[in-house]
Each structure stands twice: as structure tokens, then as C-alpha cells.
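First the structure, in the form of C-alpha cells, and then the observations on it.
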Amino acid sequence: MKIIMLGAPGAGKGTQADKICAKYNIPHISTGDIFRANIKNNTELGQKAKSYMDKGLLVPDELVVDLVVDRVKADDCKNGYVLDGFPRTIPQAEALDKALEASGDKVDYAINVEVPDENIISRMSGRRACIACGATYHIVHIPTKVEGICDKCGAELVLRDDDKPETVKKRLDVYHEQTQPLIDYYTKKGVLNEVDGTKDMEEVFGAIVKILGA
Ligand code: AP5
Ligand code: MG
């Protein structure tokens, strides 16, 4: 089961990807998380990515495509995976399709989590993220048991650098310009599915499970 999560920044891609991966026991591959881990470890990739991410811009395709194409060839991806935050541009989608075609594979489901821009800014300011394990919470909607501490791994939670309202606005502009065209791209491939991301997260997950048919 090869699944792509589409949707605006803060739509809930990461939240739903986590739940899908736990249910179907497949890896969650988030390019944003990969970049944040590289920033934390101060790698060369992390330094390059940070300069774009902090401005709300996309990291250039050449820094992300090979990384993902290699990752999906790993052993743990044999039964499928959820790609969260990739592809984000038409060239990224084409590169992924080309790599999959080379091994007789294809994307099975593209799931678009729809949330209007108005809802996004308030969601983002309440988000808290765990840089250690990638878990995501919300101070109102999805609180942790102990304030500021990850339920899953016990690490301290942070407000992401790119969740400041000005940066979120820029990320939304970039999303509409560069990522939204993927909705048409996957519609034409016959694999696009839409879910209403403004609903409670369990309801959103229920809709996704229905689509995945299990
Ligand atoms: P990335 O980390 O992918 O960020 P994003 O796409 O902007 O999306 P987010 O992670 O912000 O949101 P999400 O949809 O995962 O929502 P979440 O589940 O957290 O990318 C960051 C940056 O890295 C990019 O800007 C770019 O620079 C770079 N990058 C990454 N991939 C790239 C690529 N392929 N190419 C180029 N550059 C790339 O939910 C949001 C909040 O809402 C949370 O607090 C959550 O708890 C809450 N929430 C979730 N669901 C619900 C619900 N149903 N009801 C109420 N609250 C909810
Ligand atoms: Mg995310």
C-alpha cells in the first residue's frame, strides 16, 4: 500500500499519517521530519534546508528527490509506506513515478486532507512537535498527558520555527502555487481521494480507513 498525503501546511497530514502507519504497520516517511532531524544534528543537508524552511519556502527539488527515492527502496518499505510532505511539486511527483515505474510499482492512494486557510493559522500556533520522535500534538485539540512532554518518548516538545504566523502565511502561498497542482496530477492518474480535514481527527481517520478499504 503506497500512500501519499496531500494537503496544506497544518492540514493534519502528519497526524493522519501516524495513525495510518500504526494501523497498517508501514513506515511513515515525512520529508519535513527528515529535514528537522538534520537541522537538529547540524548536518550539511540540515543547514541548507533550514535556510529555506525558516522563510516558508520549499527546499529545492534536488535536495529532496534522491533522498526519498532511496528511502522507499529500503527493506522496511516492501509492504508499502506513507509519504507525508512529498511530493510537493510536479517535478517531485514525476521523479517519484519514474522511480516507481522502474520497479513496476505505482502510487496506490493520494489522500488530500482538505482544510481552508482560515483554520490553518490557529492550528499552527497551538501545535507542539517532538523533534526526537516526530509526534505532533495540539495544546487544545490533542494535548499531552504532561504539558510540554511527548507522550510517546518523553522528550521535550517545541513550537516549530516555521509556525510563526508570518511564516505560515508564506507557506500557504507556496502551497497554493507549487503543491496544489498535484491534486490535478493525481486526479488524472485516478488515485486521488479527498477527506474533510476540519472534522475531529478520529472522524478524519475513519474516512481514510474507508478509502483504504480495510
Ligand atoms: P512539513 O514538515 O511537511 O510541513 P507542512 O507540509 O507545512 O505540514 P505540517 O507538518 O506543518 O502540517 P501537517 O499537515 O503535517 O499537520 P499536523 O498533523 O502537524 O514541511 C516543513 C518544511 O520543510 C516545508 O515548508 C519545506 O520548506 C520543507 N519541505 C518538506 N518536504 C519538502 C519537499 N518534499 N520539498 C521541498 N521542501 C520540503 O497538524 C497540524 C496541527 O493541527 C497539529 O497541532 C495537530 O495536532 C492539529 N490537528 C491535526 N488534525 C486535527 C484535527 N482533525 N482537528 C484539530 N486539530 C488537528
Ligand atoms: Mg507534518
Side-chain angles (χ1 to χ4, degrees), residues 4-21 28-39 45-46 48-69 71-72 82-93 95-96 111-117 119-131 134-144 150-151 157-164 167-180 182 195-208:
I4 285 173
M5 302 302 293
L6 295 175
K13 302 181 295 293
T15 302
Q16 296 300 329
D18 262 348
K19 295 171 80 66
I20 298 169
C21 292
H28 176 182
I29 303 171
S30 157
T31 41
D33 286 351
I34 294 172
F35 289 138
R36 282 184 287 279
N38 274 275
I39 291 171
L45 175 65
K48 283 186 188 155
K50 186 171 167 46
S51 63
Y52 298 94
M53 289 168 74
D54 283 354
K55 295 190 192 102
L57 301 174
L58 295 185
V59 173
D61 290 343
E62 58 271 24
L63 289 182
V64 67
V65 166
D66 291 349
L67 186 152
V68 175
V69 165
R71 177 66 187 87
V72 300
V82 178
L83 284 177
D84 160 17
F86 184 96
R88 244 181 164 96
T89 62
I90 297 281
Q92 289 182 17
L96 176 67
I111 299 175
N112 181 33
V113 184
E114 276 197 306
V115 177
D117 288 8
N119 302 33
I120 298 281
I121 301 206
S122 74
R123 270 200 191 180
M124 303 297 243
S125 57
R127 171 164 60 187
R128 295 296 178 271
C130 177
I131 303 283
T136 299
Y137 304 91
H138 189 280
I139 51 176
V140 178
H141 307 298
I142 308 164
T144 46
C150 179
D151 286 349
L157 301 179
V158 298
L159 176 66
R160 274 170 40 179
D161 286 343
D162 58 351
D163 278 351
K164 287 179 273 178
T167 317
V168 171
K169 214 183 152 298
K170 181 68 195 169
R171 286 163 63 198
L172 280 169
D173 291 344
V174 167
Y175 166 76
H176 290 301
E177 204 175 292
Q178 300 192 52
T179 307
Q180 215 168 13
L182 291 178
V195 293
D196 179 356
T198 63
K199 296 275 194 315
D200 171 80
M201 71 171 200
E202 292 303 334
E203 261 182 79
V204 181
F205 185 55
I208 292 176

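In listed order, ligands and their atoms are each counted from 1. Values reported hereafter were calculated over all heavy atoms of this structure, with side chains retained and with hydrogens, waters and symmetry mates removed.
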Distance-only N or O hit between ligand 1 and [X], under 3.5 Å:
X      : result
Met124 : no
Tyr137 : yes
Gly56  : no
Arg171 : yes
Lys199 : yes
Arg88  : yes
Gly10  : yes
Leu58  : no
Arg160 : yes

Which option wins on minimum heavy-atom distance to [atom]: [options]?
atom                    : options                      : result
atom 50 (N) of ligand 1 : Gln16, Lys50, Arg123         : Arg123
atom 34 (N) of ligand 1 : Gly85, Ser125, Pro87         : Gly85
atom 14 (O) of ligand 1 : Gln178, Met53, Lys13, Met201 : Lys13

Q | Any Gly7 heavy atom less than 4.0 Å to ligand 1 | A |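 Per 4.0 Å heavy-atom rule, Gly7 does not contact ligand 1.
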Note to self: So is Glu203 touching ligand 1 or not, going by heavy atoms under 4.0 Å?
What the structure shows: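 Flag not set, Glu203 not near ligand 1.
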Using a 4.0 Å heavy-atom cut-off, say whether [X] meets ligand 1 through its side chain, its backbone, both or neither.
X      : result
Ile142 : side chain
Ala129 : neither
Leu57  : backbone
Asp200 : backbone
His141 : side chain

